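These notes concern the structure reproduced below.
Predicted model only: the values in this text are computed from it and were never measured. The figures that follow rest on heavy atoms only: side chains count, while hydrogens, waters and symmetry mates do not.
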Amino acid sequence: MPELSQESAHGSERGSEHGGAAKLFGWVEVTGPSMVPTLYHGDFLVVRYGGRVRAGEIVVLRHPFQQDLLVVKRAVERREGGWWVLGDNSFAGGDSTDYGTVPHDLILGRVRFRYRPLKPGRRSPLALLRWALSAARPVFSDRSASRRLRAR
């Protein structure tokens, strides 16, 4: 079974109503190793719903065969009928090599920010300093990674 991310209680679907306007942002929690080393199990992601996707960006999409599940992958290239998406961890699977091109309407949004919670038991001053310096980061498209992934 591919490693998937599920929508959190604070996430929202593109086009869901809140006070008459569609929500622009939501968040999801990463489960599984498919995006290691970029994202790890337990990371929280701020997602910008809608908008134009570019090659190299990390996106949240509905799984083509199990649409109640959300998947976090890197959009590698635009193809006829949608996007070819791959995980950064080629050993984990659960991407377009398994289910093909993802239609545009299944891509919900782009990941803009990552928050990595402090692991339990890490209380030394050095561990706290390292966590504080790396816990929250913006997520940018990595075009070099998309070229690397395209070469597979």
Side-chain angles (χ1 to χ4, degrees), residues 1-14 16 23-51 53-77 82-152:
M1 183 56 135
E3 300 296 335
L4 305 172
S5 296
Q6 296 181 347
E7 192 165 23
S8 70
H10 296 286
S12 65
E13 292 183 35
R14 179 178 53 181
S16 64
K23 282 192 174 183
L24 295 178
F25 292 93
W27 60 272
V28 295
E29 180 179 2
V30 175
T31 59
S34 67
M35 288 299 292
V36 170
T38 308
L39 304 172
Y40 289 92
H41 180 82
D43 286 354
F44 290 96
L45 308 175
V46 174
V47 179
R48 167 71 164 89
Y49 292 103
V53 175
R54 289 179 277 173
E57 289 187 314
I58 297 175
V59 296
V60 174
L61 57 116
R62 292 207 177 277
H63 190 283
F65 303 135
Q66 299 171 341
Q67 294 187 11
D68 59 329
L69 296 175
L70 299 183
V71 183
V72 177
K73 299 294 176 193
R74 188 174 301 277
V76 178
E77 66 183 10
W83 280 93
W84 190 260
V85 297
L86 295 174
D88 287 357
N89 181 355
S90 60
F91 299 109
D95 51 27
S96 285
T97 57
D98 294 331
Y99 45 74
T101 303
V102 177
H104 297 286
D105 59 336
L106 293 183
I107 295 182
L108 300 178
R110 300 170 290 153
V111 174
R112 306 318 290 160
F113 198 78
R114 185 244 329 142
Y115 170 74
R116 184 165 293 152
L118 182 62
K119 293 180 182 175
R122 301 236 174 160
R123 300 287 184 238
S124 74
L126 180 59
L128 290 173
L129 177 63
R130 286 196 315 205
W131 172 79
L133 294 173
S134 67
R137 293 199 172 176
V139 177
F140 300 109
S141 63
D142 184 3
R143 297 189 186 231
S144 62
S146 68
R147 281 192 214 107
R148 211 175 39 244
L149 293 170
R150 224 180 281 141
R152 287 193 212 164

Got a second to check how far [X]'s [atom1] is from [Y]'s [atom2], nearest 0.5 Å?
X: Ser96; Y: Arg74; atom1: OG; atom2: CZ; value: 13.5 Å
X: Leu61; Y: Leu106; atom1: CG; atom2: CG; value: 7.0 Å
X: Arg137; Y: Phe113; atom1: CZ; atom2: CZ; value: 10.0 Å

Apply salt bridge (Lys or Arg N to Asp or Glu O under 4.0 Å) to Arg48 and list each qualifying residue two or more places apart in sequence or on a separate chain. none
Compare every heavy atom of [Y] with every heavy atom of [X], then report the nearest pair and how far apart it is.
X: Trp83; Y: Ala75; result: CE3-CB, 3.7 Å
X: Lys73; Y: Met35; result: CA-SD, 3.8 Å
X: Arg54; Y: Glu57; result: N-OE1, 2.8 Å
X: Trp84; Y: Thr97; result: CZ2-N, 3.9 Å
X: Gly26; Y: Tyr49; result: N-CE1, 3.3 Å
X: Pro117; Y: Trp131; result: C-NE1, 3.4 Å

Show the atom names and distances, to 0.1 Å, of all donor-acceptor pairs under 3.5 Å that link a side chain in residues 123-130 to residues at least two apart or in another chain.
| unit_1 | atom_1 | unit_2 | atom_2 | d |
| --- | --- | --- | --- | --- |
| Ser124 | OG | Ala127 | N | 3.1 |

Donor-acceptor check, side chain of Asp88 to backbone of Thr38, threshold 3.5 angstrom: yes or no? no
Looking only at atom types and distance, does a side-chain atom of Arg112 sit under 3.5 Å from a main-chain N or O of Leu45, one as donor and one as acceptor? no
Can you check whether Leu39 reaches Ile58 side chain to side chain, under 4.5 Å on heavy atoms? yes
May I ask you to test the Arg116-Asp43 pair for a side-chain heavy-atom distance under 4.5 Å? yes
Per the side chain to side chain contact (heavy atoms under 4.5 Å, CB included) rule, which among Val102, Val71, Val53, Val72 passes with Val85? Val102
